[in-house]
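First the structure, then my questions, so here it is.
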Amino acid sequence: MEETNKMNETTKKEEQTSTQKIGIYLWIWLLLFVLSFFSYMVDWYQFQGMLRWSLILFFMFLKAGLIMAFFMHLFWERYALVNVLLWPMTAIACFIFLMTAEFKYTLFSRFFYFVVGGA
Amino acid sequence: MSDEYDNNKSYQAQSSEVIDGSTGSVNPDIDYVRPAEVGEQDLYHGHSFIEKWVFCQDAKVIGVQYFLTAVFTGIVGLILSWLMRLQLGFPGLAGFMTAEHYYQFVTMHGMIMVVYFLTALFLGGFGNYLIPLMVGARDMVFPYVNMLSFWMFFVAVAVLMASFFVPGGPTGAGWTLYPPQTILEGTPGSGMGILLMLISLSLFVIGFTMGGLNYMITILQARTRGMTLMRMPLTVWGIFTATVLAMLAFPALLVSAIMMTLDKVLQTSFFMPTILKAGEVLEYGGGSPILFQHLFWFFGHPEVYIVALPAFGIVSDLISVHARKNIFGYRMMVWAIVGIGGLSFFVWAHHMYVSGMNPWFGFFFATTTLIIAVPTAMKVYNWILTLWRGNIRINTVMLWCLGFIVTFVNGGITGIFLGNVSVDVPLSDTYFVIAHFHMVMGIAPLMVIMGAVYHWFPLVAGKMLHEGLGKWHFWITFLGAYSIYFPMHYLGFIGVPRRYFEMYDSPYMTSAVGMNEFISIAAFIVGAAQFILVFNIIKTLKTGKKAEQNPWKANSLEWYTSTVPPEHGNFGERLPVVHRWPYDFSVPGAKDDFIPQTTAPSEVIHTEVEKT
Amino acid sequence: MSEQKIDGFELKPGFKGMASDTGSDQTMFKGVHWGKAMMWIFLLSDTFVFSCFLISYMKGRGSTIVDWPNTSEVFSLYVGGVPVPLLLIAIMTFVLITSSGTMALAVKYGYEKNRKMCGWLILATAVGGLTFVGMQVFEWSKLIHEGVRPWGNPFGASQFGSFFFMITGFHGFHVSIGVIFLFIYTYKVFAGHYESKKRGWFTKMKGDYVEIEILGLYWHFVDLVWVFIFAFFYLW
Amino acid sequence: MHAGIIFLLVIIGSVLFHIFTPWYWTDIASNWGGMDDTITLTFWVGGGVFVAVCLFMIYCVFRYQHKEDRRAEYKPEDKKLEKILTWATTLGVCALLAPGLIIWNQYVNVPKNAIEVDVMAWQWGWQYRLPGADGKLGTTQVRNIADNNPFGINPDDPFGRDDIMVESDVINLENNRPVKILLRSVDVLHNWYVPQFRAKMDAVPGTVTFYWFEPNKVGEYEVLCAEYCGVGHYAMRGGVEVQDKADYEVWLSEQETFEQLSARYEKLNIDGNKLAKK
């Protein structure tokens, strides 16, 4: 008896994970439009410098997060899958971090050695 | 000699801990294993000869196809190395050997051995054959994609081999393909040769991705009942981690191949700065050659472990079975494999200490690189501690394993030289490097491959390989290979640079002549000795002794198939149910000195240590 | 392909659940279809491909001493004689997001076995994708017309053209592949292959509506990549 | 039994080979003795581990050979032993890493009094340039390279006029004075390497790389290219001559400056725009 109850619960849960209420999709959809509009506005108003960078990155990560979490259902997936997908990104993060240092170094040496009065 | 050990009774055979997610409580039935979560796999059995042996969807046939194709490329690579050694040991002896040819042979030898031989052999060959058998699956999860994977690899090999016959010949840029020289005149094969190489590599990556998805999902999602991750044989762990690395590292190779193809074909300047060639300034500007090196080694270093980790895994199993002893510190071994794999993405630029990159990277990469030495050393300790107080069969398989330990420890320790940034400075780009990586990722994995061939041949072919021939094969190979690469380190100490077609006019290098002759002769012998195995296989297939079902008395599932060799679907009517790890050897009180993974705890209850 | 069965075990949520999933037998991703797991891993690998492209772009752009073209001018369209920055790109972004939304709904209706709605929504997604590719063709031809080539351009650093054509080309290639599959699956859904358990053309395996979710994952990924390209290439 | 003996002979042979080898380092001629010391340290630690591991393995092979009536020990884990081994290895690795990093820190920090030597590599040869009286090298561009301007010095760079152009593939260095080697390449990767100096670094087209050393032994040395650069790689040699201060000064005074070189070409009425190398 207990076993069957558990089965039913699981079935419900399983169904929940695969189909959500339509409202949530529509909301996310709307949010994506709004965020894209905002990030377009960053260019429209020609924000520059750190403000531009942080705004661009902020909207980008928010959009990416929404798509992954809700459209790709990662929000409802078990942590085992989520972890497997997100941990490898540390390698990419490390690569990005080091390449930032690398391009600055290359740029510096190029100005220093190739451009009159550079650096 | 006392044969009685004081077995600590507190250690229990690792039998079924019952997993019950809902309560975490222990099920009173000690043989209980969770019911199947996934339905029976729908298998497509081939109907015609072509469907059974050519475009076959059976992972075992695909594995053999991968194996044979990889061995074919390996033999090509071997012949190329003979030609190189001929030139180095006896310059001018072969009249056709020009510098162009020499560099083409160097390049093709390197690329073939690393990518098309070792990677394909371990992951495509052993991976396909062993994964489904060892985790108790009927087949790979996507047999059709798996079949495509092999044929993609086959086409990649065909394209690679075609480059020998195009005008200008194959590329001679060195296997690292560093731009700008790779695509400039002045390097042999900078026309068609390099293009075919890049296309072939891209095809290989695509084909491998197809296979790799199969290996990963089969291991993650298609294990049999009772087969938890921590009950998988280390072979599967090694191949699994290597596959993960490959899935994440090959993208960098693909990207660099695409970018270099564009540099070559469309004159883009990704990797090409302003270049003055033959008095002309070329149509390039602003690119960065070092970017290629970063991308290449972001792939290239994990690639080293793609070759090494399956070897680690397989050798652990072989040692355990033939020492009749459980692998020492299984958990540590698993975490070491995973840790090495993870860390391998953070160490790539230790190949680039003298490349002119940002000098501060040296600190970062030296530190991360030497951290890897710790899990690697742990693995070595655990191998020898597995031998310790074992009951070691000194047969051919065990000899290869012992040979692996010697060569691997040797090569691993020279790795500490090269990983330690300022020690690398005098040694990089010398013969020391060549000696190091041949020892650690050439000879050592090869030892494992050979051991694995002798170990699993009875399963694949149903016949036992000849032991005597096997021992001759081992000793010639081991002693020969050791005497090639051990002295070669000393050429590096002298400062002899690598990739030199001819070198003896330097005053301080003259003493190297004698050693080079010796090394060349040893190389010829070792290469030739490999044909002992070919002879052995042919002879065995014809007249060999028929193998029993489980000739080595091993525990893992591949020996408990319905037939030997296993048929399509592997396990007959019912999939096996797993109750324990595969290393229950010499359990005190048990009848035999091995307890198969499928044996339920109630069947060995009299051992008294079997408590759940 | 396998059929999913309820395993009868409620595993704990959160990190405890993760530990128990990882330590359990048979499957690590409980209840996740093989194909879906495969698509996730493939996308992870593909993420590395695009990351490598974008990292190369960062390195290339960062270390050239020639000025980078002003993207907001280069990609502007003239509307009534007035240049509107990034107009086309903005429209493309909206088209792709629209198609992503229809795809998400298609997946939902697929799971509810609502064949009609699912089919029409996939078709709408395919049309959206096709529109995107069409606009990209327009964008490419416009730039080529203005003299932008992979090996050089009149606006600044030659790497601009190289990276532009390579990265958007590779993304466009992904979109095109996706569009082809969207059309195939439109047919499969309308023809009722998932109800009749008809075997696939090549793989000879029985299909299931979970394939729509797998396709959806791919399509959302394409959209996801575009979010990054939009931010890093066009806005940066 | 014979297997163990052969393995034992291999290990003994390796040790003997190391002791009696006639092939070893060339005599060092720079300040990088620290690198040699670190190698030696690594050699003793690493070699010790190698011998110990192999001897233990051989011992096991002798002692625990298969016997039908014997059972192996059943002991899946020994947490304490594993912990000890992990920490011991970590300590050993740290001990090897530390000197490596210290020396690398010296390697990338060039002393202030180092004299700059500009090394330009091309397929397949070397060319050298020294800063003139102002002690500074002029900036360069590959596009400027011509017969009358082999380094492509920017004509409008005031620091470039007095740069000393060495018309030879042999460079002279002053003994006991640090040099900063600046490496540039006009075509592909190269590497300016003198085994006796131990130091090396790639020359990368499109940027300038550097390293430094202090020669401390008078003599002539051969320069090798240590980064594969095409079919001529093995033949790409150059030379270094380390001299005492007095000799060096004499040599230096015989060299031509960029200004003098330009003037000479103008006199010869050679078209300065024609590019230099074939």
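Everything quoted here is computed from the prediction, not taken from an experiment. Because only heavy atoms are used, hydrogens play no part in the values below, and waters and symmetry mates are left out as well, while side chains stay in.
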> With only heavy atoms counted, which part of I217(B) is less than 4.5 Å from chain C, the side chain, the backbone, both or neither?
Replying inline: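 Contact with chain C is through the side chain of I217(B) alone.
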
> Using 30° and 60° as the class limits, which term best fits the ring planes of F75(C) and F160(C): parallel, tilted or perpendicular?
Replying inline: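 It falls in the tilted class, 30° to 60°.
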
> Given a strict heavy-atom distance threshold of 4.5 Å, which part of F298(B) is in contact with chain C: side chain, backbone, both, or neither?
Replying inline: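 For F298(B), the side chain is the part near chain C, not the backbone.
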
> Given the options L262(B), V244(B), L291(B), which has more heavy-atom pairs under 4.5 Å with chain C than any of the others?
Replying inline: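 Among the listed options, the one with the most contacts to chain C is L291(B).
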
> What part of I258(B) lies closer than 4.5 angstrom to a heavy atom of chain C: side chain, backbone, both or neither?
Replying inline: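 For I258(B), the contact with chain C is made by the side chain alone.
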
>> Any salt bridge linking R223(B) with D25(C)? Criterion: basic side-chain nitrogen under 4.0 Å from a carboxylate oxygen.
In response: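 Here R223(B) does not pair with D25(C) in a salt bridge, since their nearest N and O are not under 4.0 Å apart.
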
>> What part of S158(C) gets within 4.5 angstrom of chain B, counting heavy atoms only: side chain, backbone, both, or neither?
In response: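 Side chain only.
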
> Side chain, backbone, both or neither: which part of T209(B) has a non-hydrogen atom closer than 4.5 Å to chain C?
Replying inline: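 For T209(B), the contact with chain C is made by the side chain alone.
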
> Side chain, backbone, both or neither: which part of T22(C) has an atom under 4.5 Å from a heavy atom of chain B?
Replying inline: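 Backbone plus side chain of T22(C), per the 4.5 Å heavy-atom cut-off to chain B.
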
>> Would the distance check show the side chain of Q57(B) and the main-chain N or O of K52(B) forming a donor-acceptor pair, the cut-off being under 3.5 Å?
In response: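 Answer holds: no.
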
>> Using a 4.5 angstrom heavy-atom cutoff, name the option from L295(B), N214(B), V255(B), L253(B) with the most pairs to chain C.
In response: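 The residue among L295(B), N214(B), V255(B), L253(B) with the greatest pair count is V255(B).
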
> Are E40(B) and R138(B) close enough for a salt bridge, meaning some N to O gap below 4.0 Å?
Replying inline: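 Yes, charged N to carboxylate O under 4.0 Å.
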
>> Nearest 0.5 angstrom please: I131(B) CD1 to T218(B) OG1, how far?
In response: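 Separation between the atoms: 6.5 Å.
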
>> Please identify, among F42(C), F53(C), F50(C), F29(C), the residue contributing the most non-hydrogen atom pairs under 4.5 Å to chain B.
In response: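 Highest number of heavy-atom pairs under 4.5 Å: F29(C).
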
> What part of Q159(C) is in contact with chain B, defined as an atom under 4.5 angstrom from a non-hydrogen atom: side chain, backbone, both or neither?
Replying inline: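 The side chain, not the backbone.
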
>> Heavy-atom pairs under 4.5 Å with chain C: which of M232(B), M259(B), M216(B) has the most?
In response: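 Of M232(B), M259(B), M216(B), M259(B) has the most heavy-atom pairs under 4.5 Å with chain C.
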
>> I'd like to know if the side chain of S162(C) and the backbone of P150(C) have a donor-acceptor N/O pair within less than 3.5 Å.
In response: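 Side chain of S162(C) to backbone of P150(C), a donor-acceptor pair under 3.5 Å: yes, one is there.
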
> Is it the backbone or the side chain of A37(C) that comes under 4.5 Å from a heavy atom of chain B, or both, or neither?
Replying inline: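 For A37(C), backbone and side chain are both near chain B.
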
> Side chains of H294(B) and M357(B): closer than 4.5 Å at any heavy-atom pair?
Replying inline: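 Side chain of H294(B) against side chain of M357(B), heavy atoms only: contact under 4.5 Å found.
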
> Charged N to carboxylate O under 4.0 angstrom, D42(B) versus R199(C)?
Replying inline: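 A salt bridge links D42(B) with R199(C).
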
> Tell me, side chain or backbone of R149(C) under 4.5 Å from chain B's heavy atoms, or both, or neither?
Replying inline: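 Contact with chain B involves no heavy atom of R149(C) at all.
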
> Checking ring-ring contact (aromatic ring centres under 6.0 Å, His included) against F270(B), which of Y57(C), F163(C), W151(C) comes through?
Replying inline: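 Testing each of Y57(C), F163(C), W151(C) against F270(B), the sole residue satisfying ring-ring contact (aromatic ring centres under 6.0 Å, His included) is F163(C).
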
> Can you tell which of A222(B), A249(B), G212(B) has the highest number of heavy-atom pairs within less than 4.5 Å of chain C?
Replying inline: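 The option with the most such pairs is A222(B).
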
